[in-house]
Number of protein chains: 2
Amino acid sequence: MSLPEFKIAQLRHFVWVAELKGFHSAAEKACRTQPAISLSIRDLENKLGTVLFEKRNSKTSNTELTPFGRYFLPKAKELIAHHDNVAQDMALMSEHKTGHLRLASVPSIACRMLPELLSKFIADVPELHISFYDDNSEAVLRKVEKQQVDIGIASLPHGHEHADITFIPVWEDQLGVVCREDHPFAEATELHWKELRKQRLIRNGTSRLLEDTEAEPLLSDSQFLISNMLSLIAMLEEGLGITTLPWFAFPKNNSKLRFIPLTSPKIVRHIGIVQLKNKALSPAAEALAKFILTETAKNKAIGVKPE
Amino acid sequence: MSLPEFKIAQLRHFVWVAELKGFHSAAEKACRTQPAISLSIRDLENKLGTVLFEKRNSKTSNTELTPFGRYFLPKAKELIAHHDNVAQDMALMSEHKTGHLRLASVPSIACRMLPELLSKFIADVPELHISFYDDNSEAVLRKVEKQQVDIGIASLPHGHEHADITFIPVWEDQLGVVCREDHPFAEATELHWKELRKQRLIRNGTSRLLEDTEAEPLLSDSQFLISNMLSLIAMLEEGLGITTLPWFAFPKNNSKLRFIPLTSPKIVRHIGIVQLKNKALSPAAEALAKFILTETAKNKAIGVKPE
DNA sequence: ATCTACTGATAAGGATTCCTTATGTCACTA
DNA sequence: TAGTGACATAAGGAATCCTTATCAGTAGAT
């Protein structure tokens with residue numbers, strides 16, 4: 001014998017009739033007509049195999065529960081409450097007001113763009129938990145691929161297009177030369193790579209961007225490699241040499257250093273949102289991606305040195 | 001914005017698709033066709049506002065949950081489990097396999113009929129709790145009226161017909177004379193009330209049955225009143241006198257005493273099931289009433305001295 | 001490559017279920 | 001004895017659910 005299957009609406013009708021002591025008031029509350037409630041209750045009684053309300057009798061003009069109905073009432077209410085809890089929880093989740101968002105980003109964007117973006121994004125979603133990782137592009141891509149993170153912000157190295165990831169370009173970040181304010185280059189508005197050959201060039205983590213360009217010979221000329229950004233900046237401020245950096249990696253509000261765009265070759269790295277192809281994002285991640293796209297569209301944020 | 005309302009069947013479909021990793025297997029389990037499941041899931045996704053399953057993609061021929069779906073799965077399962085618990089509990093209740101049955105009965109029936117009846121009745125309902133009270137008819141009626149018990153077994157005194165109780169006659173219990181086996185009456189097959197006038201008559205709790213009959217004068221003749229049944233029996237066995245008792249109140253298998261029906265007037269009390277008019281019984285009480293009626297119908301139990 | 005077998009998606013029709021309007025019944029009231 | 005209030009019932013239409021038939025993409029096997 002198979003168990004009956006209650007409908008939530010039906011249970012609600014029952015509770016309302018019981019608590020408002022009447023079919024009419026219950027019908028009103030349910031935004032239904034009275035016969036609808038009658039039928040609903042009858043159906044429920046049939047499923048249960050027992051009547052729930054006393055047959056309208058004696059002086060008491062109020063509809064009263066049977067003992068069986070009294071036994072059922074709290075259970076029905078609990079079940080409805082449970083249902084509504086789940087429904088509400090899922091609604092919040094689906095409006096990304098709650099949940100867990102795991103995000104990885106390349107450090108430059110993490111420092112320059114994300115602080116403002118994220119603080120705006122979470123302004124009206126206080127329940128959202130965010131885990132953030134910063135690392136270089138390869139590591140970000142790896143985290144996305146391994147699903148250690150819902151969404152990534154990185155640039156797409158060559159050879160990675162074929163993989164199971166989708167790339168949505170968001171920012172364009174132009175490579176430039178960084179030197180101290182008293183350096184001969186400091187007042188230039190643009191530079192050609194050959195001008196750098198006579199300089200002491202310090203390589204750094206972003207120097208890979210020069211690979212596969214005409215400026216590649218610079219890499220072999222260079223005798224320094226400093227991967228730590230803070231040390232690199234300190235060295236540059238000391239006047240130890242010059243380096244190349246994407247604009248977004250150039251520290252904001254640094255008064256001792258100058259950024260001069262490299263124009264030939266003009267090297268631009270495209271940074272954007274990275275996610276697993278054919279995998280649906282969690283609502284929160286989806287919302288963040290959309291948020292980033294609309295925000296940056298507004299600001300037309302292109303990573304070149306503004307005037 | 002109103003919350004969506006899930007259907008239990010729908011949630012089941014979702015869980016099955018998720019756990020069996022496929023719409024086809026889920027359809028089979030649900031005894032539906034595959035398109036039905038597709039639509040069911042789609043409807044659920046619309047209600048939630050988010051997709052639950054990854055769009056059938058790459059190599060993985062298995063249908064996989066989205067992060068959102070993974071979050072929903074346990075909640076859906078809990079909700080289904082809760083529903084099924086309630087449904088099962090109510091089904092048991094409605095098959096009176098569980099619950100609480102409060103019963104009051106007149107002592108004679110309680111001793112003579114109920115032990116067998118109740119033991120048969122509860123044989124296949126081990127979960128049923130029974131509270132039992134025995135008392136005289138008035139007390140039983142009072143308990144029923146005050147809803148201290150669900151159902152009562154008593155006879156209906158005159159003047160009680162108008163009250164809010166229903167009486168279903170079950171047993172007929174004939175009044176007779178009880179004396180010791182060596183008493184002159186012992187071998188008689190029937191007696192007239194006038195024959196008792198010369199005897200020492202001991203009144204008892206059931207003597208009220210003689211009121212309003214032609215035998216009423218006996219009551220004023222009698223100088224003894226023993227209300228405790230055990231004492232009464234002891235007195236009778238001592239040969240202290242005789243008394244009148246309904247057959248059901250006459251102790252079964254008593255070898256020292258004899259029961260002789262009183263034929264003029266023939267006094268029969270109707271004992272039956274008493275319940276509150278217009279009040280539905282709890283399923284267990286309902287079942288007991290029905291059980292008593294069918295059992296006694298089988299045995300044609302009439303309370304006269306059988307040969 | 002092409003065929004087959006598997007997946008789920010989609011369309012159109014019929015069967016059910018649900019809800020509404022209109023009316024009925026019963027008990028209490030004036 | 002008509003009136004009122006509260007629920008039951010009947011019949012028709014609307015919405016939902018489910019089915020059959022068909023489509024479309026992918027994987028594996030010729």
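Letters A, B, ... are given to chains in the order of the sequence lines, protein chains preceding strands, and every chain is numbered from 1.
- For the 3.5 Å distance criterion, the side chains of B:Ser155 and B:His270 fail to qualify, holding no donor opposite an acceptor.
- Contact of the A:Glu28 side chain with the A:Gln34 side chain is not registered, since no non-hydrogen atoms from C-beta on lie closer than 4.5 Å.
- In this entry the distance linking CG of A:Leu44 with C1' of C:dT17 reads 16 Å, nearest Å.
- When the C1' atom of C:dT7 is taken as reference, atom CD1 of B:Ile37 falls 15 Å away, rounded to whole Å.
- Protein atom CZ of A:Arg32 is 5 Å distant from nucleotide atom P of C:dC19, rounded to whole Å.
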Margin query: What verdict does the side-chain hydrogen bond (donor to acceptor under 3.5 Å, both in side chains) test give for A:His82 and B:His82, after you've listed the backbone C-alpha separation in whole Å, the side-chain angles of each residue and the deciding distance to 0.1 Å?
Written below: CA-CA 8 Å; A:His82 186 177; B:His82 186 177; 2.9 Å; yes

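- For B:Lys143 and B:Tyr133, the positive end sits near the middle of the six-membered ring, less than 6.0 Å away and at most 45° from its axis.
- Below 30°, between 30° and 60°, or above 60°: for B:Phe72 and B:Phe68 the angle between ring planes is below 30°, a parallel geometry.
- Contact check, A:Thr33 against C:dT20: a side-chain N or O comes under 4.0 Å of OP1 or OP2.
- Side-chain N/O atoms of B:His24 include one lying less than 4.0 angstrom from OP1 or OP2 on C:dG8.
- Put simply, CD1 on B:Ile41 is 9 Å from P on C:dA9, counting in whole angstrom units.
- With rounding to whole Å, A:Glu28 atom CD is found 11 Å from D:dA6 atom P.
- Taking the side chain as every heavy atom from C-beta outward, B:Asp89 and A:Lys75 approach each other to under 4.5 Å.
- Taking atom CD of residue A:Glu45 and atom C1' of nucleotide D:dC7, one finds them 12 Å apart after rounding to whole Å.
- We find that CD of A:Glu64 is positioned 12 Å from P of D:dC7, with the value rounded to whole Å.
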Enumerate the protein-to-nucleotides 9-13 of chain D contacts in which both atoms are nitrogen or oxygen and the separation is below 3.5 Å.
residue, atom, partner, partner atom, Å
D:dT9, OP2, A:Arg42, NH2, 2.8

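- Taking atom CG on B:Leu65 and atom P on C:dG8, their separation rounds to 13 Å, with Å as the unit.
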